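Residue numbers begin at 1 in each chain, while the letters A, B, ... track the order of the sequences. Keep in mind that this is a model prediction, so the values were computed, not measured.
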Number of protein chains: 2
Amino acid sequence: MSDAPLWTALADPHRRAIVALLLERPRSVGEIVEACGLSQPGTSKHLKVLREAGLVRVRQDAQRRLYALDPGPIAELDAWLAPYRKLWNTSLDALGDRLDETAPDTPEEPAPKD
Amino acid sequence: MSDAPLWTALADPHRRAIVALLLERPRSVGEIVEACGLSQPGTSKHLKVLREAGLVRVRQDAQRRLYALDPGPIAELDAWLAPYRKLWNTSLDALGDRLDETAPDTPEEPAPKD
DNA sequence: ATCCAATATGCCTCACCGGTTATATAGCGG
DNA sequence: CCGCTATATAACCGGTGAGGCATATTGGAT
């Protein structure tokens with residue numbers, strides 16, 4: 001049954017970093033290793049967790065493995081968020097912080113901070 | 001420093017259950033204890049984590065402590081989600097799963113499943 | 001002042017997680 | 001077939017987090 005691997009997977013900062021990396025484009029393990037400064041086995045382990053959470057998919061290219069983001073589970077997160085959204089729509093609407101909704105022109109890749 | 005307490009706080013199923021409870025209405029510790037079947041000290045501990053993550057606020061009423069949800073951090077989560085949202089807008093839009101956006105009439109409290 | 005009800009804290013234990021090093025496995029080029 | 005590269009798995013370890021019980025604290029009632 002394994003609880004809810006989604007949250008557990010995203011609870012780790014390194015894993016979130018990997019997810020952010022894969023948001024730009026699919027990457028090989030080597031790239032990820034270099035990008036997030038972890039050891040190769042450690043990175044593989046994190047990738048396994050992300051894989052088992054369904055957050056990433058692998059495509060084998062020669063002896064490389066290309067990891068790519070799978071939007072499904074993140075959509076689940078969004079669905080989880082939905083009931084709470086009205087909270088800050090009703091109580092903080094005066095703040096006018098509606099910065100989401102795929103902003104009109106997206107100047108740069110906002111590079112998720114965390 | 002403390003990394004990102006938000007994710008850590010929400011990584012625990014019991015804590016998510018508490019958050020879901022507080023979405024309905026503010027509750028006393030006793031109610032929460034009874035609702036999620038944990039021991040009272042355990043519950044208090046979880047509440048402390050949620051408090052330190054900024055997810056809940058306390059209001060003292062007699063010797064009770066009324067815990068209420070603070071929407072701020074959840075909005076942060078939503079902000080984090082934002083860059084990913086276009087993923088399933090562009091790749092899965094045909095699926096037509098736009099069930100969010102504070103659905104027109106919200107028949108019942110959807111009671112977040114997890 | 002005392003007792004009770006409600007909540008928080010302190011210890012302790014146990015399991016799990018993240019990290020490392022060493023080793024196995026798979027695919028390619030010679 | 002052999003060696004090389006890329007990735008995964010195994011074995012191990014230190015830290016941390018969740019859970020329980022007992023105890024301290026706080027506020028109200030009598």
Chemist: Test of understanding: clusters of I, L, V, M, F, W, Y form through side-chain heavy atoms closer than 4.5 Å, transitively. Do B:V58 and A:L87 belong to the same one?
Modeler: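 Both belong to a single hydrophobic cluster.
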Chemist: Report yes if a side-chain nitrogen or oxygen of A:R15 is closer than 4.0 Å to either non-bridging phosphate oxygen (OP1 or OP2) of C:dG18; otherwise report no.
Modeler: yes
Chemist: Hey, any chance B:I74 and B:L6 share a hydrophobic cluster, counting ILVMFWY side chains that come within less than 4.5 Å of each other, even indirectly?
Modeler: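 Yes: a chain of side-chain contacts under 4.5 Å links B:I74 to B:L6.
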Chemist: Distance check, rounded to the nearest 0.5 Å: B:Y67 atom OH versus B:L50 atom CG?
Modeler: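 Nearest 0.5 Å value for the OH-CG distance: 9.0 Å.
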Chemist: Just to verify, what does B:A53 make a side chain to side chain contact (heavy atoms under 4.5 Å, CB included) with, not counting sequence neighbours?
Modeler: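 Testing B:A53 for side chain to side chain contact (heavy atoms under 4.5 Å, CB included), a comparison that skips the adjacent residues, returns B:P5, B:A9, B:L55.
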Chemist: Going 5' to 3' along DNA chain D, which nucleotides are the first and last within contact of chain A (any atom under 4.0 Å from a heavy atom)?
Modeler: D:dT5 to D:dT9
Chemist: Closest-nucleotide mapping onto DNA chain C: is B:L47 or A:Q63 further toward the 5' terminus? I mean the 5' end.
Modeler: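 Final value for this comparison: B:L47.
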Chemist: B:E52 has an atom CD; how far is it from atom P of C:dA8, in whole Å?
Modeler: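 Distance, rounded to whole Å: 12 Å.
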Chemist: At their closest point, which heavy atom of A:L21 faces which heavy atom of A:A35, and how far apart are they?
Modeler: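 For A:L21 and A:A35, the tightest heavy-atom pair comes out as CD1-CB, 3.4 Å.
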Chemist: For DNA chain C, determine which residues of residues 35-43 of chain A have any heavy atom closer than 4.0 angstrom to one of its atoms, and list them numerically.
Modeler: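 DNA chain C contact set from residues 35-43 of chain A: A:L38, A:S39, A:P41, A:G42.
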Chemist: How many whole angstroms separate atom CD of B:Q60 from atom C1' of C:dA5?
Modeler: 13 Å
Chemist: Decide yes or no for B:L47 and B:I18: does some side-chain heavy atom of the first lie under 4.5 Å from some side-chain heavy atom of the second?
Modeler: yes
Chemist: Scan A:S28 against the nucleic acid and name what it touches under 4.0 Å (heavy atoms): base, sugar-phosphate only, or nothing.
Modeler: sugar-phosphate
Chemist: Would you tell me if any nitrogen or oxygen in the side chain of A:H46 comes within less than 4.0 Å of OP1 or OP2 on C:dG19?
Modeler: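 The answer is yes; a side-chain N or O of A:H46 sits under 4.0 Å from OP1 or OP2.
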Chemist: Does a side-chain N or O from B:Y67 land closer than 4.0 Å to OP1 or OP2 of C:dA6, or not?
Modeler: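 So the side-chain polar atoms of B:Y67 never come under 4.0 Å of the phosphate oxygens OP1 or OP2 of C:dA6.
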Chemist: Let me know the distance between NZ of A:K48 and C1' of C:dC16, rounded to the nearest Å.
Modeler: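 To the nearest whole Å, that distance equals 15 Å.
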Chemist: Does any pair with a residue in residues 26-47 of chain A pass salt bridge (charged side-chain N to carboxylate O under 4.0 Å, His left out), and if so which ones, sequence neighbours excluded?
Modeler: A:E24-A:R27, A:R25-A:E31
Chemist: Any heavy-atom pair between the side chains of B:V19 and B:L23 that's under 4.5 Å?
Modeler: no
Chemist: Nearest whole angstrom, please: distance from the P of C:dA5 to the CG of B:D61.
Modeler: 18 Å
Chemist: Parallel, tilted or perpendicular: which describes the rings of A:W7 and A:W80, with under 30° parallel and over 60° perpendicular?
Modeler: perpendicular
Chemist: Is there a side-chain contact between A:Y84 and B:D78 (heavy atoms, below 4.5 Å)?
Modeler: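 Result no, sub-4.5 Å side-chain heavy-atom pair not found.
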Chemist: In degrees rounded to 10°, what angle is found between the helical axes fit to the five outermost pairs at each end of the helix from C:dA1-D:dT30 to C:dG30-D:dC1?
Modeler: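 Inter-axis angle at the ends, rounded: 10°.
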Chemist: With sequence neighbours left out, which residue pairs that include part of residues 49-71 of chain A fulfil the salt bridge (charged side-chain N to carboxylate O under 4.0 Å, His left out) condition?
Modeler: A:R57-A:D70
Chemist: How close or far is atom P of C:dA6 from atom CZ of B:R59, stated in whole angstroms?
Modeler: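 One finds 17 Å between P of C:dA6 and CZ of B:R59, rounded.
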Chemist: From A:L10 CG over to B:L10 CG, what is the distance, rounded to the nearest 0.5 angstrom?
Modeler: 11.0 Å
Chemist: Could you check how far CZ of A:R65 sits from P of C:dC28, rounded to whole Å?
Modeler: 11 Å
Chemist: With DNA chain C as reference, determine whether A:A62 or A:A11 sits nearer its 5' end, using the nearest nucleotide of each.
Modeler: A:A11
Chemist: Grab the CG-P distance between B:D12 and C:dA15 for me, whole Å please.
Modeler: 18 Å
